[in-house]
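Below: the structure, in structure tokens.
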Amino acid sequence: MPVPFNLAASLDASLQAAATAAGLETPFAAEVRGADPRHGDFQANGVLGYAKARKLNPRTVAQQLVAALPAEVTAAYEVTIAGPGFLNFALRAAGLLAWLQAHARAEQLATGAATTRAGESWIVDYSSPNTAKQMHVGHLRSAVIGEAIARLLAYSGAKVTRDNHIGDWGTQFGKLIWAYKRHVDTTALARDPIEEFERLYKLGNSAAETDIAIMDEARAELVQLQTGKPESLEVWGQINEASLRAFQKVYDQLGIRFDLTLGESFYNDKVARIYAELTQLGLAQESLGALVVFHPEHPRFKEQPFIIRKSDGAANYASTDLATILYRTEVLKSTGMLYVVDKRQGDHFEQLFITVRKWFTAIHQPVPRLEHVDFGTVLGENNKPLKTRDGENIKLKDLLTEACDRAYTLVCDKNPDLPEAEKRAIAEVVGIGSVQYADLAQNRSSDYLFAWDRMISLEGNTAAYLLYAVARIHSIFRKLGFTPGDPATETAASGLETPTELALARKLVKFPEAIQLAASQMRPHFLCLYLYEVAGEFSAFYSADKVAVDDAPVRARRLLLCARTMLILENGLQLLGLRTLARM
RNA sequence: GCGAGCGUAGCACAAUGGAUAGUGUAGUGGCCUCCGAAGCCAUUGAUGUGGGUUCGAUUCCCGCCGCUCGCACCA
């Protein structure tokens, strides 16, 4: 009989069937969940609520249910009733080994995972920086979390389209083009265009702030751009091209590749229809010269406007976001969109989504699933948003470079004899991975304290700890001359015995639940925590149980544990967007 | 002012209404003639406050205190 991929889900189904067989009333929810290891591997708490609602003795109900369990469940698990009516399930050693034998390769895990969200389709909207400026630390979380979520959803079987909704059409261009025309330094532009554009933008911005006449000239530049004056479009095109090249360097480091890069300019000619439709439907109205949407039934948005066209007639991000949803629905046939955006923009998305629901309902357009996947702010050690000492935003490029430099120092310290090129390569993986992992390892909703020392210190729940575990396993196979996952070796494995072998195995078989939990809540930290626990169990196993023993069946089963640990750690880290190493 | 979110050990973080609230760091005490000590083992220490719902509350509801964020043309 085949070994189920997701043991908890399978157990839940068995219990559901047993409930029917035992004559329990519907609805009965088994409520299977992972258990504290002291109680077993899984627990089912559903009996408590069921018995309570019907004034039954929960332990009696539990006994009825256990009596109706199919043979394969009682064969795989030791089942006990505990406390007021908890059902505890502890996998027998043979069941653990069977699962590990059945899931020996990445494809087998992938196949198992891909059923969860088969048939779903999502556009993931993340990163989305503004052109003409460099990406800074504020862009980190959206990129890192967005990528991890995209990978998790795709792994779970969903069709995922990654869309980088860049800000390439904002008011910044008026000031920038104004400054470009008067102050461009062509040699600087040739050397590093993005630096020069940034300098020009700052120059234009401060000039406009101090002089109203300049502000008006900048506005005029913007109008010329928006009305399609070729000379303006030429400069604008240059800016975007240079920006995208700079972005791509960062994306390459972070392992990000987009399917679509449809920025605000793409929707420029699509906003007029929005104004017309929303006005015609009575959703939008003029207010103080702007076109706005109010939601009378909403306590806040009955008075807080959703501005879809500014009083100067220009579009803003509400206009383009509306046009974007329409385009994705009508043209891309999208049924679900995720916005991986800072939680401070919560009101915007709430207003956007409410507006779309009313609008689409009125025009008989299917309403897509829309979700704001929010995240907290990156804070510095002073608990304020992270900045450089002189109050500037930290460039993402510089931040990643510093991460690699710090990792390099560490590699040289720990492993000085490696060839220089390899030390650099390791530092890159460890440095970038540490930044990604630190961001992913905590609940995305909370603000996140950026601290170099903790991030790359290699102790605790860090990328380096996990990468180290992977590297050690590679080292074992190198040293002993075995191939990870080789069936010829693994068929000789004897049953798991020692407490550390069993603890590791019990953790490994819960990979499916960890993926499922992280993907369903779109919270990668659940996967991080799981991987950290795997690495911890492995380290304990590694120091307690020697792999290189003469007893061949014992050695085989320990090699099998090493191979599966490696497989799951590497798979998991990959899902988070990290690279792994065979040596570090 | 209105609204949203957050208060868990010295610090940083977990806990899908379940059993004795977990982990890291810092502190203390052990473990390298032994597969990578970037490691392992042991140990000290916490739910802001007052109520409520529940068989069971860090989790859900209400009050208070404290912090953060958002609230008309930036995104």
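Naming: A, B, ... by sequence-line order, numbering from 1 per chain.
Put simply, CD on A/E31 is 9 Å from P on B/G18, counting in whole angstrom units. Atoms CG (A/N461) and P (B/A12) sit 16 Å apart, rounded to a whole Å. In this structure, the CD atom of A/E533 is 11 Å from the C1' atom of B/A15, given to the nearest Å. Here B/A12 presents its C1' atom at 14 Å from NE2 of A/H525, a figure rounded to the nearest Å. B/A38 atom P lies 14 Å from atom CD1 of A/I426, rounded to whole Å. Atom OH in A/Y437 sits roughly 12 Å away from atom P in B/A14 (whole-Å rounding). Rounded to an integer number of Å, the gap from OH of A/Y532 to C1' of B/G39 is 12 Å. Between the P atom of B/A38 and the CG atom of A/L418 lies a distance of 13 Å, rounded to the nearest Å.
Between A/L386 and A/G380, the closest heavy-atom pair is CD1-CA, 3.5 Å. Of all non-hydrogen atoms in A/A563 and A/G485, the two that sit nearest each other are CB-N, 3.5 Å.
At B/G36, one or more side-chain N or O atoms of A/S475 fall inside 4.0 Å of OP1 or OP2 (strictly under the cut-off). The phosphate of B/C40 (OP1 or OP2) has a side-chain N or O of A/Y465 nearer than 4.0 angstrom. At B/G36, none of the side-chain N or O atoms of A/H474 fall inside 4.0 Å of OP1 or OP2 (strictly under the cut-off).
The cationic group of A/R444 does not satisfy the cation-pi geometry with A/F375, failing either the under 6.0 Å distance to the six-membered ring centre or the 45° limit from the ring axis. Relative to the ring axis of A/F42, A/K510 places its NZ or CZ within 45° and under 6.0 Å from the centre.
Look at the P atom in both B/G50 and B/A37: the space between them is 49 Å, to the nearest Å. Remark: the separation of the C1' atoms in B/G18 and B/A4 is 30 Å, to the nearest Å. B/C34 and B/U47: their P atoms are spaced 46 Å apart (whole Å). Nucleotides B/C60 and B/A19, compared at atom P, are 16 Å apart to the nearest Å. A gap of 12 Å separates the P atoms of B/C6 and B/U59, to the nearest Å. Using P as the reference atom, B/U44 and B/C67 are 35 Å apart when rounded to the nearest Å. With C1' as the reference atom, B/G56 and B/A21 are 14 Å apart, rounded to whole Å.
Taking the centre of each ring, A/H139 and A/F247 stay at or above the 6.0 Å mark. Aromatic rings of A/H348 and A/Y317 (six-membered ring for Trp) have centroids within the 6.0 Å cut-off, being under it. Taking the six-membered ring for Trp and the full ring otherwise, the centers of A/F477 and A/F482 sit at least 6.0 Å from each other. The aromatic ring centroids of A/F294 and A/F306 lie 6.0 Å or more from each other.
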- Task: Would you sketch RNA chain B in dot-bracket for me? Only Watson-Crick or G-U wobble pairs with both distances under 3.5 Å count, crossing pairs as [ ], other-strand pairs as |, the rest as dots.
- Result: (((((((..((((....[...)))).(((((.......)))))....(((((..]....))))))))))))....

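Between A/K133 and A/E198 there is no salt bridge, since no side-chain N of the basic residue sits under 4.0 Å from a carboxylate O of the acidic one. The pair A/R583-A/E422 meets the salt-bridge criterion, with a side-chain N (NZ, NE, NH1 or NH2) lying under 4.0 Å from an Asp/Glu carboxylate O. With respect to A/K175 and A/E221, no salt bridge is recorded, no charged nitrogen being found less than 4.0 Å from a carboxylate O. Ionic pairing of A/E286 and A/R309 is present here: one or more N-O contacts between side-chain nitrogen and carboxylate oxygen are shorter than 4.0 angstrom. A salt bridge does not link A/R579 to A/E570: none of the charged side-chain nitrogens sits closer than 4.0 Å to a carboxylate oxygen. Looking at A/R555 and A/D550, no side-chain N of the basic residue comes within less than 4.0 Å of a carboxylate O on the acidic one, giving no salt bridge. With respect to A/E392 and A/K387, no salt bridge is recorded, no charged nitrogen being found less than 4.0 Å from a carboxylate O.
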- Counting primed atoms, P, OP1 and OP2 as sugar-phosphate and everything else as base, the B/S/- map of nucleotides 65-75 of chain B against protein heavy atoms under 4.0 Å is ----SSSBB-B

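Nucleic acid contact class of A/A464 (heavy atoms, under 4.0 Å, all strands): none. At the heavy-atom level, A/N88 lies under 4.0 Å from base atoms of the strands shown. Nucleic acid contact class of A/A314 (heavy atoms, under 4.0 Å, all strands): none. At the heavy-atom level, A/N57 lies nowhere under 4.0 Å from the strands shown. Counting any heavy atom pair closer than 4.0 Å across all strands shown, A/Y542 reaches a base atom. Base contact: A/K414 has a heavy atom under 4.0 Å from a base atom.
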Write out a two-atom table: protein N or O, nucleotide N or O from nucleotides 54-62 of chain B, distance below 3.5 Å.
residue: B/C55; atom: OP1; partner: A/K52; partner atom: NZ; Å: 2.5

With 3.5 Å as the limit, what N/O pairs link the protein to nucleotides 30-34 of chain B?
residue: B/C34; atom: O2'; partner: A/K546; partner atom: NZ; Å: 3.0

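For B/C11, the O4'-C1' to base torsion is more than 90° from 0; the nucleotide is therefore anti.
Among the nucleotides B/A37, B/C40, B/G18, the one closest to any side-chain atom of A/Q43 is B/G18.
The aromatic ring of A/Y468 does not sit over the base of B/G36; the criterion of centres under 5.5 Å apart with planes under 30° is not met.
Counting heavy atoms from C-beta on, the side chains of A/L449 and A/R454 come closer than 4.5 Å. Side-chain contact between A/L322 and A/I308: present, with at least one pair of heavy atoms (C-beta onward) separated by less than 4.5 Å.
Evaluation of the side chain to side chain contact (heavy atoms under 4.5 Å, CB included) rule for A/D12 yields A/Q16, A/A30, A/V32 as partners, not counting sequence neighbours.
Summary of the strand contacts: A/L529 and A/L87 both lie near RNA chain B, and taking for each the nucleotide with the nearest heavy atom, the more 5' one is attributed to A/L529. Each of A/V430 and A/A82 has a nearest nucleotide on RNA chain B; the 5'-most of these lies closest to A/A82.
Counting non-hydrogen atoms of neighbouring residues, nucleotides and ligands closer than 6.0 angstrom, the CD atom of A/E78 reaches no more than 12 such neighbours.
Heavy-atom distances under 4.0 Å link RNA chain B to A/R33, A/G34, A/H39 of residues 32-41 of chain A, given in residue order.
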